[in-house]
Amino acid sequence: MNMMKRRDYLKASAAVAGYTLFFGGVAATINACKVETSLDWTPVFLNNDQALLLSDVAERIIPKTDTPGAKEAMVDRFIDANIADNFTQEQQQLFSEALVTFDDQSRSKFNRKFIDLEPKEQDTILQEMADEAEDHDGELPHIFNVVRDMTVFGFFTSEVGAMSCLKYDPIPGSYQGCIDYS
């Protein structure tokens with residue numbers, strides 16, 4: 001009889017431990033999916049809201065999986081610096097005006113800003129914008145295409161993207177100073 005109670009106790013303990021691990025893992029996953037709403041850097045061209053939006057858009061275009069995502073590659077910083085250094089004032093203004101399209105579409109479909117949406121909702125908005133961009137034949141490129149292209153370029157030219165996703169081979173290799181000819 002004593003042996004039976006001990007077995008039941010061990011089974012119950014194992015079940016409690018399993019539930020604790022499972023629900024602890026679920027809580028950690030839910031917390032990991034929360035949107036980061038602050039910057040740890042100062043944008044050169046963009047304002048903070050635009051930088052946060054661009055960071056989320058880039059992360060949805062190249063999300064973190066078993067390889068790093070756009071946020072880890074700091075693609076948002078690359079795009080900000082690229083706009084500040086390489087766009088004319090007119091192009092900068094057009095970019096800023098077009099960037100609100102992400103929030104406009106998010107508000108019209110979900111009544112929230114893009115950064116306040118769940119990842120699946122963000123993907124829905126981006127898919128709609130990608131479809132829209134495909135049919136776009138205006139004088140200026142569609143904002144989705146501009147952001148997507150800059151995100152991909154920024155990611156794969158970053159150290160994180162090159163080292164984790166590309167076959168990185170430093171050419172010509174390491175520098176060796178004075179060495180014997182033989």
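Numbering of residues begins at 1 and proceeds along the displayed sequence. Treat the numbers as computed from the prediction; the structure is a model and nothing was measured.
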Handout entry: Between D123 and Q127, a side-chain donor and acceptor under 3.5 Å
Key = no

Handout entry: L117 to S106 - nearest heavy-atom pair and separation
Key = CD1-OG, 3.5 Å

Practice task
Measure the spacing between CZ of F45 and CZ of F87 and express it to the nearest 0.5 Å.
Solution key: 8.5 Å

Exercise for the section: Group every Ile, Leu, Val, Met, Phe, Trp and Tyr by side-chain heavy-atom contacts under 4.5 Å, then state whether V100 and I143 land in the same group. Expected result: no

Handout entry: hydrophobic_cluster_shared for V160 and L166, side chain cutoff 4.5 Å
Key = no

Practice task
Please answer: with hydrophobic residues joined when any side-chain heavy atoms are less than 4.5 Å apart, are V146 and I83 in the same cluster?
Solution key: yes

Exercise for the section: Locate the shortest heavy-atom distance separating S158 from A73; write the atom from each residue and the value. Expected result: OG-CB, 3.4 Å

Exercise for the section: Drop me the distance from T101's OG1 to I125's CD1, to the nearest 0.5 angstrom. Expected result: 11.5 Å

Exercise for the section: Please report the C-alpha distance between I61 and V57 in whole Å, then the side-chain angles of each, then the deciding distance to 0.1 Å, and finally whether the side-chain contact (heavy atoms from CB on, under 4.5 Å) criterion is met. Expected result: CA-CA 6 Å; I61 292 172; V57 170; 3.9 Å; yes

Fill in the blank from the handout: Rounded to the nearest 0.5 Å, the CE atom of M150 sits from the CZ atom of R148 at a distance of 13.0 Å

Exercise for the section: Give a yes or no on whether a salt bridge exists between D40 and R77, defined as a side-chain N under 4.0 angstrom from a carboxylate O. Expected result: yes

Fill in the blank from the handout: Here the pair of heavy atoms bringing D49 nearest to N47 is N-OD1, 3.1 Å

Completion exercise
Between F155 and G69 the two heavy atoms that sit nearest each other are CE1-O, 3.6 Å

Problem - Expected output: side-chain E59 to main-chain K71 donor-acceptor under 3.5 Å - result: yes

Practice task
Without swapping roles, check the side chain of Q122 against the backbone of F114 for a donor-acceptor pair under 3.5 Å.
Solution key: yes

Problem - Gap separating the CG atom of N48 from the CG atom of L53, nearest 0.5 angstrom - result: 12.5 Å

Handout entry: Q93 side chain to E97 side chain, donor-acceptor N/O pair below 3.5 angstrom
Key = yes

Fill in the blank from the handout: Rounded to the nearest 0.5 Å, the CD1 atom of I115 sits from the CG atom of L54 at a distance of 12.0 Å

Problem - Co-membership, hydrophobic cluster, residues F144 and L94, 4.5 Å side-chain - result: no

Problem - Side-chain (D80) to main-chain (V44) donor-acceptor, under 3.5 angstrom - result: yes

Problem - Verdict with reasoning, K120 to T124, per side-chain contact (heavy atoms from CB on, under 4.5 Å) - result: CA-CA 6 Å; K120 287 189 180 210; T124 299; 5.5 Å; no

Exercise for the section: Any chance you could measure Q105, atom CD, to M129, atom CE, to the nearest 0.5 Å? Expected result: 5.0 Å

Completion exercise
Note: R112 and E118 closest approach over all heavy atoms is NH2-N, 4.2 Å

Problem - Shortest non-hydrogen separation from T88 to Q91 and the atoms involved - result: N-OE1, 2.8 Å

Practice task
Give the ring-plane orientation class for F153 versus F78, where under 30° counts as parallel, over 60° as perpendicular and anything between as tilted.
Solution key: tilted

Exercise for the section: Answer yes or no: is there a donor N or O on one side and an acceptor on the other, between the side chain of T151 and the main chain of V147, under 3.5 Å? Expected result: yes

